[in-house]
Every structure is written in structure tokens, then in C-alpha cells.
Q: 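Have a look at the structure that comes next, please.
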Amino acid sequence: MSGDNAVTDTADKPQMFTETPEEREFELRAAVGAYWSGGRLLIGMFTFLFASLAFAYFYLRSNNAGQLWRPGGITAPTGIGGAIFAVAVASSLLAIYGQGRLRSGSTLDWEVSGWTAVLGGLVAIGLQIWQLTQLPFFPGSSGYASCFIGWAVMNIMLLVSGVYWLETNLALCIRLRRLDAEDGTLATSVGPVAQLFRANVESCTYFWGFMAVVGGLFWVFFYLI
Amino acid sequence: MTIDNAESEGQGVAAEAVIAQPGKEPRHIWRMVAIWLVLSAVLDPLFYILVGPHVPPGTMTSAAKDNQFDFNILLVAALPVFLAVWVYLAYSAVVWRASRKGAPEPVGGAQARTHLGVQVGWIVTTTVIVLGLFAFGTVEVITKAGSGGGEGPNPIWTPTSATILPVQVIAQQWKFTYRYPTFGGFESQQLIVPNNTTIAFHVTSLDVIHGFWAYELSIKADANPQQDNVAYATTRQTGSVTVRCEELCGLWHGAMFNYGKVVSKAAFMAWAKSTEAGTAANTKLLPPFAYTYVPDANGSDGGYYPDNVDPYSNSEVYGAKPAAS
Amino acid sequence: MTVTAERETEVVYPDPTPPVLGGFQGLPQRPGWLSQHLGTAAIGAVLGYLLGHWLGNVVASGYTNIADSGVNAVAITGGLLLGVFGWLLGIGALNYPLAKMVGLELRPDYESTSWTRYLRYTVDHKVVGLQYVIGVLAFLFTGGLLAMGIRTELLSPSSHLFGPGTYIAIVSEHGTIMMMMATSVIVGPLGNWLVPLMIGARRTAFPRVEAFSFWIFTAGYLVILSALFYGGFPTGWTGYAPLQTQAGGGMMSYLVGFAVIGLGMMAAGFNLAVTIINYRAPGMTWSRIPIFVWSILATCALLTLATPTLVAAGFFGILDHTAQTAFFVTEHGGSSFLWENLFWFFGHPEVYIMALPGFGIVFEILPVFTRKPLFAYKVAAAGMVGVALLSFFVWQHHLFQSGINPDMRPLFMLTTELISIPTGFIYLVGLGTLYKAKIKFEVPMLFALALFFNFLIGGITGVFLSDVPVNVTVHGSFFVLAHFHYTIMGGLIFAFFGGLYYWLPKMTGKTMNKKLGQIHFWIMFIFFNLTFFPMFLIGLLGQPRRVFEYAQNLQALNDFSSVSAFILGASFLVFVANFVWSIFIKPTPAPANPWDSLGLEWQTPTPVPYYNFERIPVVLSDPYHYSEENAPAVADLGEEGVLVAAGASSPASVAEDPRPPAQ
């Protein structure tokens, strides 16, 4: 599976190297672990990013400078906001469900729910952009308005990251279908490619769960309280 | 206090000497402790007696005197720490340098890697010093009415004095002006305050963040737009005062300074009364005295209005659609 | 080095693609004229900037209050952001992420081992490390030149070399460049280069993320320099809000630049943290990793977790300027305190991002030149982790007089002073290691000892600043300025140069000239202290920061400081001369282990092969067993049972060691 696309001209190449089976096993376990801890660390980074927004939200809200936190209790369009939240959460649940199916051996179920989740993510992004054109306030009209603009843009970034990540896994899955290992499918093989793939999907699904939590929290902040 | 702590630190390190092989090897730790003790015992009082009284910001106000005292205490505490490390560094550079003739080979192994007594001694000593400094600082800031620092709009550590003269400091790009609310709210370009008086400085800004630093008074408070930041000091001597801006506020920040005066109570009353009368016509044109001033976004003249103007009255200007109900 | 074809079990790879990641799919090698390098990145940046600027103008044209303001922040932001995007596209940083979208794993280009790979987007952590060396030195010297400008202006209290606008632009640019540079100055070059070698790894976890961190770092450098073309920005590196909202186009460079550098910091910290957690060689337990790796791990925690706050704050600032939100506009429901809080919530961990790796470096240097084990290893590691944790709880000590939460001041005084306990561990470890040592005053050791001298002054004056009453006297004055120059320059930059003198023989394979190194050290050390120590007095005597006019009676001290600063600046020319002379003009090959260190990174051949270790080593003990009878071996490098021996006391393993003997 590897080494077959050798490049003939090796004169300028860096020195060759060799690997023993133990080393390959070590590298594989390290790479799987890197997906695990990298995924968690990424969530940690996004947590601090959104915590900054939450801090801004509560700071301006409690400050209420010049009674201009949210004049007249005005909110962003609640219907669209609710729809974004619902679509994002549904997509996350689908992604999580799909990963459960992948774990129990069904690549196809994961692919179907994954592509649906990607579609859902794209719909949520579209709704979020549409909502930005439907606001009953101007960005600088209040503290709430400012925080909402910040949230809308950051939410788009978050959704794009999640959709991108899941999409790369789905694309990889399609690409690897032709390369199915002898010992099973991507869901069941113990080969390195399949193991890495599953580790990647697992971290990605975790991230989707995080997206749902963030979406839920800020939905409460912006539309309920 | 500090000497004691530092001494226990020395003893902690000294414990190491016990495990070192005696033999002909000199007792390095005791030598260092001796050098350090002598230096500390000489330099600390020397500093406190000779330099201490001249340490900025002087003694013109109670706040200045307190802060000078605090600085001196910290320096007296810090000097032995400086000396301990420097003596150790210098001693080891001389005695344990590889080029010294007959330098013994270093010994590795477990005893060079860790020493419970030294580690615990070090941690306990530094913790005691740190907690002591924290307690000292906290007592000073609470009992000395915030030590002349800005305490926000609602200070909780206030002077006990029954009579407090309020003076408002209005910072703007790039100068300070002062209003005296108890004298009809007249505005002055110069800071003049009476001697032997507790003064509350209400610091605010009209534009960006400035920092009001009355050096000799030991008053330092950020001037924030639309916030009142209060700092207290009780004047003790007459004299000249330098006022500088200490938060970067734009182009002419570097040249944002002026001078004030602490004068006798009688001279102050005379000045204030006459200035109030002399500027009455101008004072009428000023916005009424307020703790903060909100720029009027609707005003064609770009004037400043007190903060009791309803900000909703011109919400269209901010781009907001009218409130629902 | 040779391919051992006779071993059946080994798989031989003809190219250095990480085997478990790549190999199963790939695109054909590109022809040479399609290859991407610094030149294509520059073209991409220019095109991106023009496109973004044009787009910004189109978008904002309907909004008269922006289009007519004279400074179209939307166009500038669009230009800068798309410029950065074009730079990344041009260097090839986006090839891999884009190929992944169609399920392809790209193999990196390795068409040559010539020096041109330093101008490319590569996944070799050693190449990235050396790229960073040049990058941060360029950053450092740019900031240093600006500092020379500041000191020239301050020669006279009243007659001026620059106008006030130019001066404030120089001050702001100096502060921002130095702060941005300093976050990466050790993690970037030495962290990337050394950490995989120190933990016995053949690669980093996310090599492309690592390369991304360098190239976005360079993009951030260009963005922040671009402020000068917009007339600079007047806020200093702290960017306080109402002034920030008021400022013109240069402010956008500051906001975008800081956000972009923030992304790079997060990327660098992310990659190294994951590498340290997952790629430690067998046997490399948490109590055996070199202390430098501990310091980098603690730094990475801060880089990844504190920096998002900076990015968010910069993002809010950009929105305030472009979308006309009011995050920091008090009149419209925002708050200028919000910026101060967000900025310092990042800003204080940032100073420990700078300090911690410096400690790590001196702890690597001390045992080698004292021939003693590191004293109290666990305390050192605990100190670094403790500093990292506590640094999240101290940020409001920058705001003691600001009027924010005045009743919280004792709490922040407590947390700030508590942080001096784990910082004090650094001295326990350092002084304990010196005890009864055999100190060799090689150039790296001089720098390491200088850190202990300088940082003591910086650290103890920090306690003065944390004390609320004393802070009233010294806040916002030259005292603060002297304090943080003593910690950052006296600590970090001295450690950085010590680290360079120590590891450059390994990194480049060339020996640095010792005489020039000593000259560099002594000039730098003496004139650093002569430059910055008077500033404590200048500050106490009432000179605020960032001013160009000061009291007449302070001229003597200021002039003394300025002249010292010029000589301090000149000392870096000695370093540059040494660097150019020793590496390019008259290179002397360096032995593989010139300092006779036990560190794993020194057990590799020089130059270090692409995959670092011929066999992944098995680590047997920590690398500090100097001067120890019957010391355990450090690692099994996997070649016929050769062990890295700890000292002359274990002759059996030394006799078997085929590597050239240590000097």
C-alpha cells in the first residue's frame, strides 16, 4: 500500500530511512493519539475563543452603559435563530449517531449521516448569513447588537471548521473505498489507514458535539435570557 | 520580619552543609551566610536611613508619605534577597570555577539531584515572605484609603476625615482641567489645592483613556470616559506639583503635563472665591457639574452634556429602530 | 544511514513521507516551474492585497460614513486579510487542506536538499526551526532599530528629532513587534528544532501545522510593518480602546497583525503540545523528559489557551472598525474596559509564554557546564506548570488604578505575589545546580548565568509592582518599562542567545567563534544593565512611559541610558558578524557533541538526518546523570545494543560507542 509510487530520481533526495514493524506500530499509536489529543486541544482553543465572547456578552450586559445593553428588549430574529440552533443540533446528533454506526461496523450508515450532517451544517451557515441581513438593529446600536454580530461571524467560522473537517473525512472515505484493505472495511480493518481514519472521525465527531453545545449556550444567551 | 525570613532561608540552605563531606573542604554555606549577613546588616539600615527619606514621591501628602514608606519596606525586604542570590552567584563563580587550581570534581548522583530539607525550606521561606508582603500591602491599601490610587466610582476604602474637598479632574486630548464643585463648579486650567486638607479627586475623561498622575501628591488614577474614578490624598506641605498623563492617549501624550500648587488654606480660599466670581459668566456656559460627561451625538455643536440626558432621545442617530414598546 | 535490504522485517521508504499517513494516495510530482516558494508567496500576497482592497472598497461604497471617512477600514482590512491569504496560498500552505477536501493526501515536495528548501513550505521540523531562527532575528532587529530611534529622540527633553506622530508610531511599532516576536522567539526556533529530538521522535505530530505557524508568523510580521505605510498607530502595543477606535488605518494593521500572529502562536503551540504528549519515545516518561520540554509544554498550554482571547479581542476590534459594532464604544453600549480585560487576560499569560522557555534553556545549559545533575528536577517542572496555571488569574494587576473592580485589588495582589513562589523555584534549581559544581564559563553558560542576574532584578521589581500602594508610585512609569525589559530582554533574549550559541553547532553543523561570542556577551550584558537600570530611577523620578518630553533634570540619566542603548544595539552586530563569519564565510565543522552533553539531541550525527534517529531510541533514564558513579545509560539508540553512556564510569558502553568521542 505504500512505497509503490516511488519517484525514480532519488539523487537529490534526503537520506532514506527504514522502519521496523515495532516502529511502525509506535508511529501509528502516536498518530492515533495525536488525533485524540489534538481534537481535544482544538476544542479547548475554541472554548477560550467563545468564552471571550461570552465574557464580552456578560460584561456589557451587566455594565449596561447608558442603558444601551439592549434597548427595548430587542432580539435578533428568533425564528431564524431557533432554526439555526435546531439544524446545528440535529446535524451534530446525526454525526454522533453516524459515528456510533461506524463503530459498530457500518461505513455506509456513517457516510449517509455524515453527508446529511454536512448538508445541515451548510444550511445552518446559510441561515446564519441570511439572518445577518434580517436584523432589526444596526451593529453599533447596542451592546447586544455588537455581541450578536460577533457571535454570528464566529458561529459561521465554527460551523465552517466543523463542516470542513467532516467533509475531508467523508471525501477520504470515498477515495479509500477502492483501496479497501484485505481484512475488512474502513470500519473494521485493523490496518493503519483504517485506524487513523477512525481516530480522525472520532475526534471530528467530538468537535461536532462541541459545536452543538456552543450553539445551544449562545442560543440561550441571545434569545432566551 | 524580613531579616528573620531571610535568615531561615539561609538556615535552610545551610542544612545542605551538613550532608557535605567535611574533610578539608571549607564550609561554603557558612561562608556565604556570613558574607550575606554582614552585607545585609550594613546595607539595609544604610539604605533605610540615608536613602529612604529621599525616595519618591516624597512627603507632600499622606498618600505620598505612606507610599514612600511602603516602597522602603519592600526595598528593605528585597535587598537581602538580592544579596543572597548575588553572593551565592559570585561565590560559586569564584570558588567553583573549573579553571581554579585544585578544583574538586563535582559529585553527581542522588544527593546532588534533590534535597528534601533545602526544597521544603525554600518553599516555606518564599511562601512566608510572599504572604507577609501580601498582608502588609493589603493592610496598607485598606487603612490608607486606597493609597492614592484610583478606586472607581464607589470607593470602599475612604479617608476618615470629616471634611473632604472634592476636585474634579477632567482629562481630554491633551490637557487636564479641574472643576471645583463646591465653588459653583468653576473650571480651572491649573490644579490648586489647600494644605492640610483631605481631597477627593474625581477623575474622568472626555475622550480616550488618560492617566492622571499628580506626582508629588502620589495620586494616580486612570481617566476613563464616562466613568468617575476617585482617589484620595491629604495634603501635608505646600509646594509645586507636577501633573502628567501616564496612559498613552494619542499624538501629544508626551507633552500632556501641567503644574499645580498646594497652597495654604487661606490662600486657597482667596483664590477659589475670586476665581469663582471672576469666571461666573463662563461657568454659566459650561454644562452643569456632573461626575461624568457624555458627548451629545445629536448635537450639531459637538458639545458635551451631563449624563442625565436620556440617551434614548436620539436613538435614530445610533441606527437603532425605535424600541418595540 | 544505509538501506538494509537484507533485513526482511524492515520496510524501506524511498521518500520521507510519513508512512502511516501518506503513501496510499498522492499526486504526481509537480514540475519545477510550478513549485512554490517565497517568491510565489510574495506575488500571492500582493495580488491578495489588491483584490481585498478592491473588494473592501466595493463593499463599503454604499456606506457613506465609511467611504467618506478618509480611512476606509473595510478596504484596508480586506486587503490585509486577503493579502495574508494570498501569502499562504502562494507558499503552498493551503495545498494540503484543499487536497484533503477531495480525499487526497499530498506528499510534500522534496525535490532537493539544497538551501532553497529554507524558502519553501516544508514539513521538516529542523528546516522550520532554522527558518524561525532567521525570522525571529529579523523581527528582533527590526524592533531593535526602532528602539534606537526612541532612545535617540529621548536624548533631549525638549528638542525633537521626530514629530509627535512619528514618535508615537515608532514607540507603538517597537512594542508590538517585540511582543509578537518574543512570543515565538524560543518556541519557534529552538522549540520546533529541539523538542522532537529531545523526546526521541522522528517527526512532529502535525508538521504542516508547524510550517503553517512559521509562514503565518512571517505574514504577521509584514502586516504589522504595513502599519507604517498607513501612518502608524498611536496606541502602543496595548491598543487601549477609545484611542483604538479613534485611530486611523494603521490600527487595522495592528488588529489584523495581532490576530494573525495569534493564529500562528496557537498553531505552533498546538503542534508542539500534541507532539510532546504523543510522540515521546518508549521509556521517555514524564519524569525523564528534559526540563526544556517541560517548559515548552507549559508554554504551549498558554499559547493554545490564552491566545484565543487575543484573537477574539482583535476580532472584536476589527468588527468595531469595519462592521461598525460597538464592543469598545461606551457611548453605544460597549465598554472600553472590555478591551482592557480581554487584552490583559491574554497579555499576562503572554509574558510567561516569554519567560518559561527561557528558564527551560538555562536549565539545559547549567548541568552541561557544571557537570552536575539538575537540582530538584521535579520542583523545576512543578514551578513551570504552577506559573502557567497561576498566570491565568493575575491579569487585573495591570489595572490597579484604572477604576475596574477596585475592591478586587487585594485578590489580584495575592495571586500576583503567589506567582513569585513557583518563579522562585527557578532560583532554587539554578543555585542548587551550581552548588559545588565545576563551572565552565563557555559562552552559553555566560548567558545562562546572566539570566539569573537579570531576572532577579526583573522579578523582584515585579513584586514592587504587584504591591498596590507602591504601584501607585510606579505604575505607567519608566519603572515598569525597566521591569519588563529586565524580565523579557534580560531573561528571554539572554536565554535565546545562550541557546543559540549552545545549539547552533548542532543545528548548522558549524562552530560559532568563541572569542566573538564572549565579546558579544560582555558588551550585551554590561550595556543591557547600563541601559535599563537607570530607567528604574527615571521612572521613580516621575517620567511616564511613551513620552517624548520629560523633565529637564532627567536628561543626564536619559542620555546615559541612550548611549548605553546604542552600544547595546551594536553588540548585536557582533552576533551577526559572528553568525555570518562562522556559518557562511569561514565555517569550522562542529563535532557531533561539542559540549559533551548527555541530551538525546546531541547523540544524533551532525547534520541530523531527515528522520532524526536511525532507530527510535528507547529511553532508559533522564539526561542529567553527570559526574555520577555507575550512572545508568540514557538511551538505547538501537544499533547493536549501543547505549548512550552517562560518564566515564561505565567503560563497557563507552567502548562500544562507535560515534566520534566527545570533545
Side-chain angles (χ1 to χ4, degrees), chain B residues 56-57 66-67 70-71 74 78 81-82 85 88-89 92 96-98 103 106-109 112-114 119 122 126-127 130 133-134 137-138 140-141 147-152 156 207-209 211 215 218 220-222 224-227 229 242 244 246-255 318, chain C residues 164-165 168 234-236 240 242-243 246 330-332 336 370-373 375-376 379 400-403 406-407 409-410 413-414 417-418 420-421 424 427-428 431 434 436-440 452 456 460 464 467-470 472-473 475-476 540-542 544 546-549 625-629:
Chain B
D66 295 336
N67 292 344
D70 294 342
F71 187 94
L74 284 199
V81 182
F82 278 121
V85 175
Y88 192 101
L89 282 179
S92 41
W96 294 322
R97 65 184 198 276
V107 185
R113 292 175 152 255
T114 172
Q119 283 162 238
W122 181 282
T126 49
T127 308
V130 160
L133 288 179
F134 160 69
T138 305
E140 284 292 293
V141 71
S147 295
E151 295 200 274
I156 53 173
D207 34 52
V208 302
I209 296 179
Y215 178 69
S218 195
K220 194 172 275 173
D222 277 12
N224 300 290
Q226 296 177 56
Q227 206 201 354
N229 196 5
T242 314
R244 288 215 69 150
E246 51 87 23
E247 290 286 359
L248 184 49
C249 58
L251 201 58
W252 290 99
H253 163 69
Y318 297 122
Chain C
I168 213 70
T235 59
Y240 275 9
L243 189 58
Q246 198 185 58
T330 319
E331 296 91 322
H332 293 207
S336 55
T370 56
R371 310 313 297 171
K372 277 192 71 199
F375 181 71
V379 174
F400 277 154
Q401 280 88 41
S402 68
D407 42 341
R409 285 179 294 172
M413 170 159 51
L414 175 65
E417 289 178 357
L418 281 182
S420 59
I421 298 174
Y427 278 84
L428 170 67
L431 302 188
L434 288 178
K436 287 193 179 174
K438 192 172 177 183
I439 303 170
K440 286 187 202 153
F452 285 99
L456 184 70
I460 289 184
F464 281 63
D467 187 89
V468 180
V470 173
V472 173
T473 309
H475 174 88
L540 275 175
L541 291 170
R546 299 150 165 175
V547 297
F548 56 90
E549 299 216 327
H625 290 275
Y626 294 99
S627 305
E628 188 174 332
E629 299 275 332

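Computed from a prediction, not measured in an experiment: that's the story for all the values here. Proteins come first, then strands; the chains are lettered A, B, ... in the order of their sequence lines, and each starts at number 1.
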Q: Minimum heavy-atom separation for B/Ile209 to C/Tyr240, with atom names?
A: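 Scanning both residues completely, I find the closest heavy atoms to be CD1-CD2, 4.2 Å.
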Q: With chain C, which of B/Gly109, B/Pro225, B/Ser218 has the greatest number of heavy-atom pairs at distances under 4.5 Å?
A: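 Top count of heavy-atom pairs under 4.5 Å with chain C: B/Gly109.
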Q: Can you find a pair of side-chain heavy atoms, one from C/Pro234 and one from B/Leu248, that are under 4.5 Å apart?
A: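 SC-SC contact between C/Pro234 and B/Leu248 ruled out.
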Q: Nearest heavy-atom pair of B/Leu251 and C/Phe548: which atoms, and what distance?
A: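 Heavy atoms only, the tightest pair is O-CE2, 4.0 Å.
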Q: Where does B/Arg244 contact chain C at under 4.5 Å (heavy atoms): side chain, backbone, both or neither?
A: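 Just the side chain, heavy atoms under 4.5 Å.
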Q: Between C/Thr330, C/Ile439, C/Leu434, C/Val547, who has the most heavy-atom pairs with chain B when the cutoff is under 4.5 Å?
A: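 Most pairs with chain B among the choices: C/Ile439.
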Q: Below 4.5 Å from any heavy atom of chain B, which atoms of C/Gln246 appear? Answer side chain, backbone, both or neither.
A: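 It is the side chain, since no backbone atom gets that close.
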Q: With a 4.5 Å cut-off on heavy-atom pairs, point out which of C/Leu541, C/Ile168, C/Thr370, C/Leu431 contacts chain B the most.
A: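 Most pairs with chain B among the choices: C/Leu431.
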Q: Can a donor-acceptor pair be found, under 3.5 Å and without considering hydrogens, that links the side chain of B/Lys220 to the backbone of C/His475?
A: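 Yes, because the side chain of B/Lys220 sits within donor-acceptor range (under 3.5 Å) of the backbone of C/His475.
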Q: Mind checking what makes ring pair (Phe, Tyr, Trp, His ring centres under 6.0 Å) contact with B/Phe134, not counting sequence neighbours?
A: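 In terms of ring pair (Phe, Tyr, Trp, His ring centres under 6.0 Å), with neighbours along the sequence ignored, B/Phe134 is linked to no residue.
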Q: Taking the side chain as every heavy atom from C-beta outward, state whether C/Leu540 and B/Phe71 have any pair of such atoms under 4.5 Å apart.
A: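 Touching, per the 4.5 Å side-chain cut-off.
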Q: Output the option from C/Pro544, C/Gly165, C/Gly424, C/Gly236 having the highest count of non-hydrogen pairs under 4.5 Å with chain B.
A: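 Among the listed options, the one with the most contacts to chain B is C/Pro544.
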Q: Between atom CD1 of C/Ile421 and atom OG1 of B/Thr127, what is the distance when rounded to the nearest 0.5 Å?
A: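 Between atom CD1 of C/Ile421 and atom OG1 of B/Thr127 there are 3.5 Å.
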Q: Chain C heavy atoms under 4.5 Å from B/Gln119: which part of the residue, side chain, backbone, both or neither?
A: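 Interface part for B/Gln119: both.
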Q: Could you have a look at C/Val468, C/Leu414, C/Val470 and say which one has the most heavy-atom pairs with chain B under 4.5 angstrom?
A: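 The option with the most such pairs is C/Leu414.
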Q: What are the two closest heavy atoms between C/Ser402 and B/Asn224, and how far apart are they?
A: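 Minimum heavy-atom contact is O-ND2, 2.7 Å.
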Q: So, for B/Glu246 and C/Gly476, which heavy atoms are closest and what is the spacing to 0.1 Å?
A: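 Closest approach of B/Glu246 to C/Gly476: OE1-CA, 3.6 Å.
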Q: Among B/Thr126, B/Leu89, B/Ile156, B/Thr242, single out the residue with the greatest number of heavy-atom pairs under 4.5 Å to chain C.
A: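 Top count of heavy-atom pairs under 4.5 Å with chain C: B/Leu89.
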Q: Keeping B/Asp222 on the side-chain end and C/Gly403 on the backbone end, is there a donor-acceptor pair under 3.5 Å?
A: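 Pair absent, no side-chain N/O of B/Asp222 close to backbone of C/Gly403.
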Q: Can you say whether C/Asp467 sits under 4.5 Å from chain B via the side chain, the backbone, both, or neither, judging by heavy atoms?
A: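 When you check distances to chain B, only side chain atoms of C/Asp467 fall under 4.5 Å.
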Q: Looking at every heavy atom in both C/Phe464 and B/Ala78, which two are closest together, and how far apart are they?
A: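 Result for this residue pair: CE1-CB, 3.9 Å.
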Q: At a 4.5 Å cut-off on heavy atoms, which part of C/Thr473 comes close to chain B: side chain, backbone, both, or neither?
A: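 When you check distances to chain B, atoms from both the backbone and side chain of C/Thr473 fall under 4.5 Å.
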Q: Quick one: side-chain hydrogen bond (donor to acceptor under 3.5 Å, both in side chains) partners of C/Arg409, sequence neighbours excluded?
A: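 Scan of C/Arg409 (side-chain hydrogen bond (donor to acceptor under 3.5 Å, both in side chains), adjacent residues dropped) gives B/Glu151.
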Q: For the interface with chain C, which of B/Pro57, B/Gly211, B/Ser147 has the highest count of heavy-atom pairs at distances below 4.5 Å?
A: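 It is B/Ser147.
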Q: Work out which heavy atom in B/Pro106 is nearest to a heavy atom in C/Ser627; give both atom names and the distance.
A: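 Between these two residues, the closest heavy atoms are O-CB, 3.3 Å.
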Q: With heavy-atom distances below 4.5 Å as the criterion, would you say the side chains of B/Val130 and C/Leu418 are in contact?
A: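 Yes - at least one pair of side-chain heavy atoms lies under 4.5 Å apart.
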Q: Check whether any side-chain heavy atom of B/Thr138 sits under 4.5 Å from a side-chain heavy atom of C/Met413, and report yes or no.
A: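 SC-SC contact between B/Thr138 and C/Met413 confirmed.
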Q: Just how far is it from atom CZ of C/Phe452 to atom OH of B/Tyr88, taken to the nearest 0.5 Å?
A: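 Result: 10.5 Å between the selected atoms.
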Q: Return the CZ to NZ distance between B/Arg97 and C/Lys440, rounded to the nearest 0.5 Å.
A: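 Here the rounded value is 15.0 Å.
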Q: Measure B/Phe82 against the heavy atoms of chain C and call it side chain, backbone, both or neither at under 4.5 Å.
A: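 Both parts, backbone and side chain.
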